[in-house]
Number of protein chains: 2
Amino acid sequence: GSHVTLFKPGDKVFYAGSLTRPGANSELHVVDERIVGHMPKTLSFAHAAALPLTAITAWELLFERLQIPQKQGEGAHSLLIVGAAGGVGSILTQLARKLTSLKVIGTASRPETESWVNELGAHHVLDHSKPLSEELKRVGLKHVTHVASLTQTEQHLDQLVEALKPQGKLALIDDPKSLDVSKLKRKSLSLHWEFMYTRSMFETEDMIEQHNLLNRVAELIDAGTLKTTFGEHFGTINAENLRRAHALLESGKAKGKIVLEGF
Amino acid sequence: GSHVTLFKPGDKVFYAGSLTRPGANSELHVVDERIVGHMPKTLSFAHAAALPLTAITAWELLFERLQIPQKQGEGAHSLLIVGAAGGVGSILTQLARKLTSLKVIGTASRPETESWVNELGAHHVLDHSKPLSEELKRVGLKHVTHVASLTQTEQHLDQLVEALKPQGKLALIDDPKSLDVSKLKRKSLSLHWEFMYTRSMFETEDMIEQHNLLNRVAELIDAGTLKTTFGEHFGTINAENLRRAHALLESGKAKGKIVLEGF
């Protein structure tokens with residue numbers, strides 16, 4: 001409409017939408033321009049589509065929730081990313097390594113995901129099927145200052161509290177059934193929820209930050225600094241392909257994001 | 001000993017000690033100088049003794065956990081202090097009002113504590129025995145950006161989540177039996193534990209910040225900016241007076257800190 005100021009007709013855009021609008025299996029969307037960015041010029045629609053949800057989540061987790069400064073060099077802080085080979089983990093590992101001075105430690109549990117996390121730039125890769133404190137010791141670390149727990153937080157909580165330095169920070173995005181947060185008290189730890197639909201759902205004053213960060217991600221993709229989290233292309237958007245895609249997601253074996261395209 | 005560099009023999013000091021050392025009913029203490037400050041010149045030992053535990057807790061909660069900047073003026077952020085008339089609340093309310101640009105909203109539930117919180121500098125005082133959202137509306141506010149929940153966090157949690165703006169911060173110091181933190185996700189809220197013994201217990205690298213902040217508090221007391229949290233003097237340190245003091249604490253009716261002095 002005529003109130004749009006950030007884009008002109010024909011601009012190629014990418015975005016992750018809002019939980020208050022019809023979902024992404026539709027053919028046409030109406031979306032608030034403040035949560036839309038210019039699409040990377042060097043990616044196809046399919047490859048660009050794999051990016052917004054993971055990139056917004058990872059960006060907000062790292063820079064808004066954990067408030068890590070965007071600064072190059074080698075700093076004193078360290079980030080343990082549990083589930084670094086997944087969709088959010090794949091872009092978070094790159095952002096942490098390329099845009100901050102954090103020491104980045106990712107976890108994976110299969111040979112192919114371990115080498116994937118290495119390629120994304122992690123300084124160290126741990127096996128999350130083994131005890132974390134021993135895995136940390138193996139790579140010469142005693143503690144980390146920050147944790148991004150992207151999956152199975154409930155199962156890992158005791159080990160994450162042990163791995164964190166006093167006064168450290170734990171960010172999470174999953175949906176644990178229960179978490180005993182009293183375990184965080186002795187070390188004065190903090191817990192940070194990241195939910196990428198918060199800004200659009202509540203129309204927060206800083207909602208336009210999603211526009212800004214998507215533009216920034218597109219620039220970083222076009223400059224070759226970041227790579228997309230595209231995994232597999234599953235064909236056109238129809239009931240059969242949606243079922244196939246959901247089945248793969250539910251198997252827990254998907255790597256990166258699954259993309260469907262066209263009707 | 002000869003390793004002490006921050007003090008000289010005869011200096012009057014104040015501190016809150018460490019959980020790894022014998023407690024405060026003893027006649028003599030050995031304490032790490034990094035958690036000791038110069039006592040305010042304008043206070044008696046009794047009045048100074050009421051201060052360190054509450055002041056360290058309030059200071060760390062405000063400036064380390066919630067990371068509120070020390071800046072005068074009127075900012076866009078607001079802090080709701082639940083239990084503002086208590087020991088920690090009494091000094092936290094003053095610090096927030098005197099050293100930051102926060103709008104400060106304290107809660108109390110009796111006429112004498114309400115006027116006490118007003119005197120401490122709160123912009124508004126709410127009655128925490130009534131629904132918080134209505135109390136906030138009564139003083140012209142819809143949301144707050146920060147909450148310090150100093151007591152009965154479990155009981156107030158739903159109301160605190162409702163009162164917080166999206167992306168807000170909740171700090172706590174008490175010991176709730178259970179907290180359903182999944183309630184924090186929708187608004188991307190964070191939860192911050194403050195436990196003043198963390199630094200001394202783990203001998204963190206920044207342990208000397210307790211020395212620095214106690215010195216700063218002493219200066220602010222001597223300058224008349226802050227007042228102590230002294231409540232009642234209960235006489236010399238003996239079994240009978242300790243029993244009396246503990247009975248008053250357990251009654252939940254104590255205002256400020258109870259002090260005992262001498263043997």
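Just so it is clear: chains get the letters A, B, ... in the order the sequence lines come, proteins before strands, and each one is counted from 1.
- Closest approach of A:A96 to A:L102, counting heavy atoms only: CB-CD1, 4.3 Å.
- Only the backbone of B:I173 comes within contact range of chain A, with at least one heavy atom under 4.5 Å from a heavy atom of that chain.
- The ring of A:F14 has its center no closer than 6.0 angstrom to the ring center of A:H38.
- Interface remark: A:L172 contributes no atoms to any contact with chain B (heavy atom separation under 4.5 Å).
- Nearest heavy-atom pair, A:D174 versus A:S149, reported as atom, atom and distance to 0.1 Å: OD1-O, 4.1 Å.
- With values rounded to the nearest 0.5 angstrom, B:S200 atom OG is found 8.5 Å from B:D32 atom CG.
- Residues A:T5 and A:H3 have side chains that never bring a donor and an acceptor to within less than 3.5 angstrom of each other.
- Between B:I81 and B:V147 the shortest side-chain heavy-atom distance does not fall below 4.5 Å.
- Using a 4.0 Å cut-off between charged nitrogen and carboxylate oxygen, B:K137 and B:E134 do not count as a salt-bridge pair.
- Identified by a heavy-atom distance below 4.5 Å to chain A, the contributing residues of residues 155-166 of chain B are B:K165, B:P166, in residue-number order.
- The stretch residues 65-79 of chain B places B:R65, B:Q67 near chain A, each with some heavy atom under 4.5 Å from a heavy atom of that chain.
- Note that the CH2 atom of B:W59 and the OG1 atom of B:T54 stand 13.0 Å from one another [nearest 0.5 Å].
- Among the candidates A:K177, A:K169, A:M201, A:R199, the residue making the largest number of heavy-atom pairs closer than 4.5 Å to chain B is A:R199.
- Taken to the nearest 0.5 Å, the CZ atom of A:R216 stands 5.0 Å off from the CG atom of A:L220.
- By the side-chain contact (heavy atoms from CB on, under 4.5 Å) test, A:A16 is found to be paired with A:P52, A:L53, A:I56, A:M196, residues two or more places apart in sequence or in another chain being considered.
- Going from atom NE2 of B:H123 over to atom OG1 of B:T93 covers 11.5 Å, rounded to the nearest 0.5 Å.
- Ring planes of A:F7 and A:H211: perpendicular class, angle over 60° (limits at 30 and 60°).
- In this structure, A:H192 has its ring center closer than 6.0 angstrom to the ring center of B:H192.
- Contact annotation for B:E203: neither backbone nor side-chain heavy atoms come within less than 4.5 Å of a heavy atom of chain A.
- Paired with A:L226 under the rule side-chain contact (heavy atoms from CB on, under 4.5 Å), one option of A:L120, A:I221, A:L51 passes, and it is A:I221.
- Residue-level contacts of residues 178-188 of chain B with chain A, in order of numbering, are B:L179, B:V181, B:S182, B:L184, B:K185, B:R186, B:K187, B:S188; threshold 4.5 Å between heavy atoms.
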